[in-house]
Amino acid sequence: MPELPEVEIVRRGAHHWFAGRRIRSVTVSNPRAIRRHEQGEADFIGQLVGATITGTQRRGKYFWFTLDSGDVLVVHLGMSGQVLVQQAADEPNKHLRVRLTFDNDVDELWFVDQRTFGGMFIDEAADENSLPVSLTHIAPDPLSAEFDLRNTVRRMRAKQSPVKAVLLDQSVVSGIGNIYADESLWRARLHWQRPASSVTPARLREVLDHSREVMTEALAAGGTSFDSLYVNVNGSSGYFSRRLAAYGREGEPCLRCGSPLVREQFANRSSFRCPRCQRRGKWSRAENG
DNA sequence: TTACTGACCTGCACGC
DNA sequence: TGCGTGCAGGTCAGTA
């Protein structure tokens, strides 16, 4: 499942392969993949054909290609999206949604997405950093230079929701998904259900520090892969899943205390924690200040 | 304004 | 073997 480290790896690969390339043609195989481009398929194609990719940038789980037209081509991988560099002669993938060819007539960009939760759209740049207008509500991620730890802690403390829900709220802190939320909370020994408002600022800083730490490690390992749904632009998987301490380890011993990890339902998805290190306990604003 | 829930989507695992 | 069901989960619209 692509979260920040996986998206960053894809962005770097896409930058390496496609920066400086002029788009020759665009084929949309499934309109759902460009559903967020409100002007429709013809406009999407019309704006891209002839444009040159000047670079790439990222915020949270979104990344985008900057174009010489001044606009940007935004990509979100959703659950299963892949941006692949393919050769013109390659057999079409069953889940190929959008295909870009370039002037060199050899390498192509394929947006492949099995579950079609991801997509592409063209947007205007909101500022000198080319942040797309539609992404201005996305908060900086813990690995970015704009990330403001103190402000993020303040915003988290204003929420009554479970601390995990706040970590997943991309308007508070971006880039963290279900996997890295569980890993960060495990490292911080914090129960996922605890209201964010009841956690001390120091503890929240600790959680955010752990999120930065675990995502940096995942980035170095090439990302987290459980199956073929996450791959880099060359089609290779990452290895960080072997080093996960909490996510997906139901029944396996906690790496700290040996207690079997438990899986719990959280907003129609799974949450993994150590019942001993991450106790439910009692909490209130009064007792935690 | 804030918090919560369901829908979207497809392949796979599992039980019958 | 074939069918039905549940599960995975990021984002957003709708609702309370």
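Residue numbers begin at 1 in each chain, while the letters A, B, ... track the order of the sequences.
The side chain of S80(A) places no N or O atom within less than 4.0 Å of a non-bridging phosphate oxygen (OP1 or OP2) of dA8(C). At the phosphate of dT11(C), OP1 or OP2 sits under 4.0 Å from a side-chain N or O atom of H76(A). For the pair R32(A) and dC8(B), the criterion of a side-chain N or O lying under 4.0 Å from OP1 or OP2 is not met. Regarding contacts with the backbone of dT10(B), every side-chain N or O of K94(A) stays at 4.0 angstrom or more from both OP1 and OP2. At the phosphate of dT2(B), neither OP1 nor OP2 sits under 4.0 Å from any side-chain N or O atom of K159(A).
For Y62(A), counting side-chain heavy atoms from C-beta on, the closest listed nucleotide (dA3(B), dT10(B), dT11(C)) is dT11(C). Side chain of R36(A), nearest nucleotide from dG10(C), dC12(C), dC7(C): dC12(C). Candidate nucleotides dT10(B), dC12(C), dA8(C) were compared by shortest atom distance to the side chain of Q265(A), and dA8(C) ranks first. In the set dT11(C), dT10(B), dC4(B), dC4(B) carries the atom at the smallest distance from any side-chain atom of S161(A). The T116(A) side chain lies nearest to dC9(B) when the options are dC12(C), dG10(C), dC9(B). Distances from the side chain of K61(A) to the nucleotides dC12(C), dA3(B), dG10(C) place dG10(C) closest. Considering only side-chain atoms of R269(A), the nucleotide from dG10(C), dA3(B), dG11(B) that sits closest is dG10(C).
Between F117(A) atom CZ and dT11(C) atom P the separation is 11 Å, expressed in whole Å. Spacing between atom CZ of R115(A) and atom C1' of dC9(B) amounts to 8 Å, rounded to whole angstrom units. If you measure from atom CG of D113(A) to atom P of dG11(B), you get 11 Å, rounded to the nearest angstrom. Atom CZ in R155(A) sits roughly 9 Å away from atom P in dT2(B) (whole-Å rounding). Here dT11(C) presents its C1' atom at 9 Å from CZ of R35(A), a figure rounded to the nearest Å. The nearest whole Å value for the distance from the CG atom in L168(A) to the C1' atom in dT5(B) is 15 Å. As a whole-Å value, the separation of Q82(A) CD from dT10(B) P is 15 Å. In this structure, the CG atom of L167(A) is 14 Å from the P atom of dA3(B), given to the nearest Å.
The pair R97(A)-D113(A) does not count as a salt bridge, with every side-chain nitrogen at least 4.0 angstrom from each carboxylate oxygen. Salt-bridge formation is not detected for the pair R187(A)/E206(A): no Lys NZ or Arg NE/NH1/NH2 atom is positioned less than 4.0 Å from an Asp or Glu carboxylate oxygen.
No donor-acceptor contact under 3.5 angstrom links the side chains of S197(A) and R157(A), judged on distance only. In the model, T54(A) has a side-chain atom that pairs as donor or acceptor with a side-chain atom of T66(A) under 3.5 Å.
Ranked by how close their nearest DNA chain B nucleotide is to the 5' end, P162(A) and H95(A) are led by P162(A).
Below 30°, between 30° and 60°, or above 60°: for F65(A) and F18(A) the angle between ring planes is above 60°, a perpendicular geometry.
Here the options are P140(A), S211(A), P142(A), the test is side chain to side chain contact (heavy atoms under 4.5 Å, CB included), and the partner is V173(A); only P142(A) passes.
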